[in-house]
Amino acid sequence: MKLRAHPMMRLMMALVGLGWICCVPQLVAVIVGVEGDVLRPEHVLRAQPAELVLAAVLALPLIVSGVAFVVRSPIWGVTCDDDVIRVHRFFSTRRVPVGRATGVRRTWSGGAEILWRDERGWPKWARVTAFSTTLFTPRAVAGFLKEHNEASLDALKLWIERHATAPPCGRATHG
């Protein structure tokens, strides 16, 4: 089963990533002192070492984050198979063993989480950012996403109930 973030949210994630990447040449131009011109290779070749270090320190995180957002935007969500539930987030994928999953819940702050137990039986959770909102999410945006997010969480909850074998840990419903 594949559950993805709302298409508009995935598009927005990709555009944010592209925006960060597109800011890099302008940032480097400002750092090396290009005035009223387009950044060219000779500007970088003539730059002082301190300017190049500063440009690298500021530009590298923008490039890495931008590429990660663009590349991960199509898969942002949850993928379930017989062995593992993969929670695809902005920069990482959390793997939850299917046999240890116990449910899905909403947090008081609008987050969505998969509940599970580790090998010692300790309760754990994996935040599902694709179906989460924050306290700072504008109401119009949260309302726009609500139907999609709740339907996705309902499908995930049903899938876990059908496939997982772990005993529930606490309250394992969302709502």
Side-chain angles (χ1 to χ4, degrees), residues 1-81 83-97 104-114 116 124-153 155-156:
M1 177 175 73
K2 294 179 184 178
L3 300 169
R4 300 293 178 239
H6 192 282
M8 290 304 293
M9 292 303 294
R10 288 184 286 142
L11 175 63
M12 190 171 72
M13 182 178 171
L15 291 175
V16 165
L18 286 173
W20 288 345
I21 293 167
C22 291
C23 287
V24 169
Q26 186 62 36
L27 175 69
V28 173
V30 168
I31 291 171
V32 300
V34 176
E35 293 182 26
D37 200 357
V38 176
L39 180 67
R40 295 192 308 266
E42 54 267 17
H43 293 125
V44 176
L45 293 173
R46 283 188 258 140
Q48 298 298 314
E51 294 171 336
L52 295 176
V53 169
L54 180 60
V57 166
L58 294 177
L60 192 58
L62 286 174
I63 293 169
V64 170
S65 298
V67 168
F69 269 52
V70 170
V71 169
R72 294 188 64 82
S73 62
I75 66 166
W76 189 28
V78 177
T79 305
C80 304
D81 62 33
D83 301 318
V84 68
I85 300 168
R86 289 176 187 82
V87 182
H88 307 287
R89 297 184 275 205
F90 297 121
F91 298 108
S92 65
T93 297
R94 179 75 180 259
R95 289 166 177 76
V96 175
V104 176
R105 75 173 176 195
R106 274 272 181 219
T107 65
W108 65 270
S109 63
E113 298 173 336
I114 296 174
W116 59 289
K124 300 284 185 175
W125 61 92
R127 184 167 173 100
V128 183
T129 58
F131 309 126
S132 297
T133 55
T134 68
L135 294 174
F136 305 107
T137 303
R139 280 189 179 183
V141 173
F144 173 73
L145 299 173
K146 185 176 181 169
E147 186 177 328
H148 174 83
N149 288 352
E150 293 305 320
S152 296
L153 289 176
L156 180 58

Worksheet entry | Worked verdict on Ile75 versus Lys2 for side chain to side chain contact (heavy atoms under 4.5 Å, CB included) | CA-CA 9 Å; Ile75 66 166; Lys2 294 179 184 178; over 6 Å; no
Of all heavy-atom pairs linking Val70 and Leu18, the shortest is CG2-N, 3.7 Å
In this structure, CE of Met13 is separated from OG1 of Thr129 (nearest 0.5 Å) by 7.5 Å
So the side chain to side chain donor-acceptor pair (under 3.5 Å) pairs with at least one residue in residues 3-32 (sequence neighbours excluded) are Arg4-Thr79
Is there side-chain contact between Phe131 and Leu3, with heavy atoms separated by less than 4.5 Å? yes
Interatomic distance, CG@Asp83 vs CZ@Arg95, rounded to 0.5 Å, equals 12.0 Å
Between the CH2 atom in Trp76 and the CE atom in Met12, the distance rounded to the nearest 0.5 Å is 6.5 Å
Between Ala55 and Ile31 the two heavy atoms that sit nearest each other are CA-CD1, 3.6 Å
Sequence neighbours excluded, the answer for side chain to side chain contact (heavy atoms under 4.5 Å, CB included) partners of Val141 is Thr137, Pro138, Leu145
Side chain to side chain donor-acceptor pair (under 3.5 Å) filter on Arg94, not counting sequence neighbours, yields none
Nearest heavy-atom approach of Ile21 to Ile63 is CG1-O, 4.3 Å
ring-ring contact (aromatic ring centres under 6.0 Å, His included) filter on Trp125, not counting sequence neighbours, yields none
Taking it one step at a time, do Leu156 and Met1 satisfy side chain to side chain contact (heavy atoms under 4.5 Å, CB included)?
CA-CA 9 Å; Leu156 180 58; Met1 177 175 73; 4.2 Å; yes
In short, side chain to side chain donor-acceptor pair (under 3.5 Å) pairs touching residues 57-72 with sequence neighbours left out are Arg72-Thr93
On a heavy-atom basis, the closest approach of Ala126 and Val96 is CB-CG2, 4.0 Å
**Heavy-atom neighbours of Glu147 CD exceed 12 at 6.0 Å** = no
Output for pair (Thr133 OG1, Lys146 NZ), nearest 0.5 Å, gives 9.5 Å
In terms of heavy-atom contacts, Ala59 and Val24 come closest through CB-CG1, 3.8 Å
For Gly17 and Phe69 the tightest heavy-atom approach is CA-CB, 3.8 Å
Residues 41-63 vs ring-ring contact (aromatic ring centres under 6.0 Å, His included), sequence neighbours excluded, gives none
